[in-house]
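Here's the structure, in structure tokens; my notes come after.
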Amino acid sequence: MSRRTKHYWLMKSEPDAFSIDALKKVGVEPWNGVRNYQARNHMRNMQPGDGVLFYHSSCEVPGIVGVAEVASDPYPDPTQFDPKSDYYDPKSTREQPRWDLVDVKFVKKLKRTIPLDEIKGHADELGEGFALIQRGSRLSVLPVTAAQWKLLLSLE
DNA sequence: GCCAACGTTGGC
DNA sequence: GCCAACGTTGGC
């Protein structure tokens, strides 16, 4: 594993399923259940220490609610092998796993939610390519530039 | 390899 | 709860 500069990401979670408060409680959580290749590929590019914006989706006020940190290298998502899991993937084998994940560690909860609504208001500064505010984008794990990271957290 | 049908995401 | 947008599946 080679050292490199810190990278930044945004990860979505439905608070009913797993909220920032839940992460605070457990401290570290394996980010299992991602079954989208693009999102998986982003996780494969993660390294311990990378910054994560924790985002609540499908809820009353969708938006960024906290900061977390990548706490492991990518490794195969164990739920893909478990027939009893909702995330079971019969096409995945231990020899050739399809789905990887990383552990995510709680850093802090923001004093307030930064609503998607408000984030959209900064579209010019964030740039056209920011997947979070792209029309129709459903990507649940996406890269954030250092400049975007700084701007978004300055809104707190 | 095309594309219709289907399932899922996620804002509203 | 609705539905637009997107990704995946599978018949041909």
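Note on naming: letters A, B, ... go to the chains in the order of the sequence lines (proteins, then strands), and numbering restarts at 1 for each one.
No donor-acceptor pair under 3.5 Å is formed between the side chain of A:Arg44 and the backbone N or O of A:Asp100. The backbone N or O of A:Gln47 sits less than 3.5 Å from a side-chain atom of A:Asp50, completing a donor-acceptor pair.
Contact between the side-chain N/O atoms of A:Lys91 and the OP1/OP2 oxygens of C:dT8 is not found at any separation under 4.0 Å. Listed pair A:Lys12 / B:dT8 fails the phosphate criterion, with no side-chain N or O lying under 4.0 Å from OP1 or OP2.
With sequence neighbours excluded, no residue forms a ring-ring contact (aromatic ring centres under 6.0 Å, His included) with A:Tyr75. Considering only residues two or more places apart in sequence or on other chains, A:Asp89 meets the side-chain hydrogen bond (donor to acceptor under 3.5 Å, both in side chains) condition with A:Arg98, A:Trp99.
Rounded to an integer number of Å, the gap from NZ of A:Lys120 to P of B:dG10 is 13 Å. Separating the CG atom of A:Asp16 from the P atom of B:dG10 is a distance of 13 Å, rounded to the nearest angstrom. A straight line from CD of A:Glu14 to C1' of B:dT9 spans 8 Å, rounded to a whole angstrom. As a whole-Å value, the separation of A:Ile119 CD1 from B:dG10 C1' is 14 Å.
Of the listed nucleotides (C:dT9, C:dT8, B:dG11), B:dG11 has the atom at the smallest distance from the side chain of A:Tyr55.
Of all heavy-atom pairs spanning A:Leu142 and A:Phe130, the tightest one is CD1-CE1, 3.8 Å.
Contact of the A:Asp103 side chain with the A:Lys105 side chain is not registered, since no non-hydrogen atoms from C-beta on lie closer than 4.5 Å.
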What's touching nucleotides 1-7 of chain B from the protein side, N or O pairs under 3.5 Å?
none

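Across all strands, A:Ser58 comes closer than 4.0 Å to base atoms (heavy-atom distances).
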